[in-house]
2 protein chains.
Amino acid sequence: MKIEGNYTEKAELLKALAHPTRLCIVHGLMDSECNVNKITGCMEMPQSTISQQLAILRSKGIIEGRRKGTEICYSVINKKAREIVTLLMND
Amino acid sequence: MKIEGNYTEKAELLKALAHPTRLCIVHGLMDSECNVNKITGCMEMPQSTISQQLAILRSKGIIEGRRKGTEICYSVINKKAREIVTLLMND
DNA sequence: TCCTTATATCTGTATATTACGATATTACGA
DNA sequence: TCGTAATATCGTAATATACAGATATAAGGA
């Protein structure tokens, strides 16, 4: 079993989720979209940290941001990521 | 949504899988156990690298090694890890 | 245009991860 | 005990990641 590009891609999806903050964010966004300000408040972390974590999730196609005036609302758009998080959160 | 220890633990499970070599190893071990020598050959990587990757998987309870004489055969023992890998490998 | 709010990006720093060769450890037969 | 095969561990250098403050960018109303 030699490593094919396929494993690399899948590992990268997992890596994006493999961080407590990001996992929490994705889990929270699974049912309803949310703006950065709210996420920042809920996580009780600096806004810049949250923005960076969102950027990682975005770059892997896990979440998508939708601009609403001065705000951006994020939602989960990746099916596999949803399934993984659901699986993880179910005992 | 504040981060609970729960997310940390789940993120660590993902992190162990979030590497192409380790993902490949776990996938390969899902159906039949295998010794280090064979894994090393299949992956075409140095034995020490493989041993270290196996150590990470072991430390997270994903795989288990069973000594058979001079050999150690590894197998997947973590249900969640199995489910995640299965999910990932199915289109 | 200016000011305010919301958010992304940049920068610097500390820490973690990865890869591999060298070496230590374990098991076993002669 | 010695030699060999199998495997784990150590040491090191390179690279990636995480975090947070400072600042840039985008949106909108006065």
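Because the structure is predicted, anything quoted here is derived from the model rather than measured. Here is the naming used below: chain letters follow the sequence lines, and residue numbers restart at 1 for every chain.
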A:His19 side chain N/O closer than 4.0 Å to the phosphate oxygens (OP1, OP2) of C:dA16?
no

To the closest 0.5 Å, what do you measure between NZ (A:Lys10) and SG (B:Cys24)?
12.0 Å

Tell me whether A:Arg67 contacts the main-chain N or O of A:Gly69 through its side chain, where contact means a donor paired with an acceptor under 3.5 Å.
yes

Rounded at 0.5 Å granularity, tell me how far CG in B:Leu17 sits from NZ in A:Lys15.
12.5 Å

To the nearest Å, give me how far apart CG (B:Leu23) and C1' (C:dT17) are.
17 Å

With rounding to the nearest 0.5 angstrom, report the CD to CG distance, A:Glu64 to A:Leu29.
12.0 Å

Can you tell me how far the CD1 atom of A:Ile25 sits from the CE atom of A:Met43, to the nearest 0.5 Å?
5.0 Å

Nearest whole angstrom, please: distance from the P of D:dA16 to the CG of A:Leu14.
19 Å

In this structure, which one of A:Lys68, A:Glu71, A:Arg66 forms a side chain to side chain donor-acceptor pair (under 3.5 Å) with A:Asn35?
A:Glu71

Atom NZ of A:Lys60 and atom C1' of D:dT17: how far apart are they, to the nearest Å?
13 Å

Going from CD on B:Glu33 to NZ on B:Lys38, what distance comes out if it is rounded to the nearest 0.5 angstrom?
10.5 Å

Mind calculating the distance between NZ (B:Lys15) and P (D:dT17) to the nearest angstrom?
10 Å

Let me know the distance between CD1 of B:Ile56 and P of C:dC20, rounded to the nearest Å.
13 Å

Using Watson-Crick or G-U wobble pairs with both distances under 3.5 Å, give me DNA chain C in dot-bracket, 5' to 3', with [ ] for crossers and | for pairs to another strand.
||||||||||||||||||||||||||||||

Pairwise N/O distances under 3.5 Å, protein to nucleotides 4-10 of chain D:
from: D:dA6; atom 1: O3'; to: B:Thr70; atom 2: O; distance (Å): 3.3
from: D:dT7; atom 1: OP1; to: B:Val36; atom 2: N; distance (Å): 3.3
from: D:dT7; atom 1: OP1; to: B:Ile72; atom 2: N; distance (Å): 3.1
from: D:dT7; atom 1: OP1; to: B:Ile72; atom 2: O; distance (Å): 3.4
from: D:dT7; atom 1: OP2; to: B:Asn37; atom 2: N; distance (Å): 2.8
from: D:dA8; atom 1: OP1; to: B:Arg58; atom 2: NH1; distance (Å): 3.3
from: D:dA8; atom 1: OP1; to: B:Tyr74; atom 2: OH; distance (Å): 2.2
from: D:dA8; atom 1: OP2; to: B:Ser51; atom 2: OG; distance (Å): 2.4
from: D:dA8; atom 1: N7; to: B:Gln47; atom 2: NE2; distance (Å): 2.8
from: D:dA8; atom 1: N6; to: B:Gln47; atom 2: OE1; distance (Å): 3.0
from: D:dC10; atom 1: N4; to: B:Gln52; atom 2: NE2; distance (Å): 2.7

To the nearest angstrom, how far is A:Met45 atom CE from C:dT7 atom C1'?
16 Å

Output a table of donor-acceptor pairs, distance under 3.5 Å, between side-chain atoms of residues 53-63 of chain B and any protein atom two or more places apart or on a different chain; print 'none' if there are none.
from: B:Gln53; atom 1: OE1; to: B:Arg22; atom 2: NH1; distance (Å): 2.8
from: B:Arg58; atom 1: NH1; to: B:Tyr74; atom 2: OH; distance (Å): 2.6
from: B:Ser59; atom 1: OG; to: B:Ile56; atom 2: O; distance (Å): 2.8
from: B:Lys60; atom 1: NZ; to: B:Glu12; atom 2: OE1; distance (Å): 3.2

